Amino acid sequence: MTAIQKSLAEFLGTFWLVFGGCGSAVIAAAFPEVGIGLLGVSLAFGLTVVTMAYAIGHISGCHLNPAVTIGLWAGGRFPANEIPAYIIAQVVGAVAAAAALYWIATGNADYDIAVNGLAANGVGDKSPGGYAMGAGIAIEILLTFFFLMIILGATDGRAPAGFAPLAIGLGLTLIHLISIPVTNTSVNPARSTGPALIEGGIALSQLWIFWVAPIVGALLAGIVYKIVGGDAQNVGTES
């Protein structure tokens, strides 16, 4: 595949992740009487990854996440020279998805971005459960670490073939079930950037947390998997 094909795949995949995941939170989570709630939002994020892994995994590896791209590099699975193009495509896809979601959300006269937001991530006053910055940073590092461990293990050539997208999607679902009340769940700098740029304010001022913490967790996972997994035989990088 060419670099352009890979970048376009990452753009489309990340668009789907942010539009599907954040869209479920903004549009469907609290819909009167039949809202999908936190369980539904968690499942929506997982389903975006599963569906895109099967759709574009064979094109770009379906990273959809700068932390995943960097973690795969740290684990010896991805070339450093391709990192910038992947991250740019992911961030642009996330911003485009957030803009599309905002445009659709404003079709409801009761929608107010200052009140309803775009499912941006945050801590302190921006945390759904009022969790402090330290707790938010800790959980983002920890959950991104385990997310990358799942990805690195599931895409190892010694793992059962064909199940990586399911393991990774279910892993992301579990991550959201744990951490939505703490940070609204990032583990993905691109996913955080799109809504934050549209919302502005506190979401934008706290965006650095959701770049630094996931990348730290991903780097640690890349290093640890080399120790735990030994000489992996990579068959893909679906995530």
Side-chain angles (χ1 to χ4, degrees), residues 1-28 36 40-73 75 77-79 82-101 103-104 119 144 147-157 159-177 185-195 214 218 234-239:
M1 295 294 171
T2 67
I4 292 176
Q5 288 174 310
K6 292 178 181 179
S7 294
L8 182 57
E10 286 296 305
F11 167 85
L12 293 172
T14 311
F15 183 103
W16 184 236
L17 171 76
V18 173
F19 189 80
C22 295
S24 70
V26 173
I27 296 172
I36 61 175
V41 174
S42 300
L43 184 59
F45 272 100
L47 288 173
T48 63
V49 170
V50 171
T51 52
M52 274 296 121
Y54 284 115
I56 65 169
H58 55 286
I59 299 172
S60 68
C62 191
H63 297 188
L64 318 185
N65 181 340
V68 170
T69 299
I70 292 170
L72 290 171
W73 164 77
R77 303 282 192 87
F78 192 73
E82 293 189 32
I83 291 176
Y86 266 57
I87 291 179
I88 290 170
Q90 291 156 1
V91 171
V92 173
V95 173
L101 177 58
W103 184 80
I104 292 169
T144 309
F147 188 40
L148 264 294
M149 290 295 288
I150 293 168
I151 292 168
L152 289 163
T155 58
D156 192 311
F163 291 99
L166 295 176
I168 296 165
L170 289 172
L172 189 60
T173 298
L174 175 59
I175 284 168
H176 280 78
L177 288 172
T185 309
S186 173
V187 302
N188 182 339
R191 172 263 183 270
S192 298
T193 299
N234 183 34
V235 294
T237 53
E238 294 90 343
S239 55

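Being a predicted model, the structure only gives us computed values, none of them experimental. Positions are given from 1, in the same order as the sequence printed here. Any value given below was found using the heavy atoms of this structure, including those in side chains, with hydrogens, waters and symmetry copies removed.
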Separation of [Y] [atom2] from [X] [atom1] (nearest 0.5 Å):
X	Y	atom1	atom2	result
K6	C62	NZ	SG	14.0 Å
L148	L72	CG	CG	6.0 Å
L170	S42	CG	OG	12.0 Å
R191	C22	CZ	SG	4.0 Å

For residues [X] and [Y], report the shortest heavy-atom separation together with the two atoms involved.
X	Y	answer
T144	A218	CG2-N, 3.9 Å
I168	A154	CG1-CB, 4.4 Å
A9	I59	CB-CG2, 3.8 Å
P165	V50	O-CG2, 3.4 Å
P214	A67	O-CB, 3.8 Å
V187	N65	O-ND2, 2.7 Å

Are any of the side-chain heavy atoms of [X] and [Y] separated by less than 4.5 Å?
X	Y	answer
F45	I175	no
V91	I87	yes
L172	I150	no
F147	L174	no
L8	L12	yes
M1	S60	no
M52	L17	no
L64	I56	yes

message: Checking I151 against R77 for the side chain to side chain contact (heavy atoms under 4.5 Å, CB included) test, could you report, in this order, the C-alpha distance in whole Å, the side-chain angles of both residues, the deciding distance, and whether it holds?
response: CA-CA 11 Å; I151 292 168; R77 303 282 192 87; over 6 Å; no

Requested in this report: Fit a plane to each ring of F19 and F15, take the angle between them on a 0 to 90° scale, and name the class: parallel (under 30°), tilted (30 to 60°) or perpendicular (over 60°).
Outcome: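 F19 and F15: parallel rings.
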
Contacts of W73 that satisfy side chain to side chain donor-acceptor pair (under 3.5 Å) - sequence neighbours left out: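 Side chain to side chain donor-acceptor pair (under 3.5 Å) check on W73 returns nothing, list empty.
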
* What residue pairs, at least two apart or across chains, pass side chain to side chain donor-acceptor pair (under 3.5 Å) with a residue in residues 14-25? ->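 Qualifying pairs, neighbours excluded: W16-T51.
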
Quick note, side chain to side chain donor-acceptor pair (under 3.5 Å) partners involving residues 86-96, not counting sequence neighbours, are E10-Q90, T69-Q90

- Query: Any donor-acceptor pair under 3.5 Å linking the side chain of Q5 with the backbone of T2?
  - Reply: yes

